[in-house]
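Step one of this worksheet: look at the structure below.
When reading the values below, keep in mind they use all heavy atoms of this one structure, side chains included, and skip hydrogens, waters and symmetry mates.
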Amino acid sequence: MTPVAAVLALACYAAAPAPLVGSDVHRALRGEPVAAAPARQAVAEAARGAAALHSRGRCHGR
């Protein structure tokens with residue numbers, strides 16, 4: 001088997017890569033309705049909560 005044939009055979013059996021964008025992006029590009037994004041306040045609160053967990057040392061299995 002040639003190297004090119006071997007690579008082609010591996011490519012046929014490899015799993016398809018994950019899409020770069022989600023289905024919501026595709027729907028928005030087609031002009032279909034999509035769910036609203038979270039409010040800035042909710043995102044800010046989630047970020048503060050994650051920062052508080054990190055500062056307490058709960059991140060990375062500590």
Side-chain angles (χ1 to χ4, degrees):
M1 179 180 284
T2 66
V4 173
V7 170
L8 180 60
L10 288 174
C12 290
Y13 289 107
L20 295 176
V21 294
S23 59
D24 285 341
V25 174
H26 288 286
R27 283 195 296 271
L29 290 173
R30 289 191 301 259
E32 298 174 7
V34 294
R40 288 183 182 218
Q41 181 70 22
V43 173
E45 289 173 5
R48 279 195 295 274
L53 287 176
H54 183 70
S55 66
R56 285 189 230 149
R58 292 187 181 177
C59 206
H60 304 293
R62 293 182 193 166

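L8 and V4 are not part of a single hydrophobic cluster, where members link through side-chain heavy atoms under 4.5 Å apart.
In plain terms, the two heavy atoms of V34 and D24 that are nearest each other are CG1-O, 3.4 Å.
Heavy-atom contacts from other residues, nucleotides or ligands closer than 6.0 Å to CZ of R40 number 12 or fewer.
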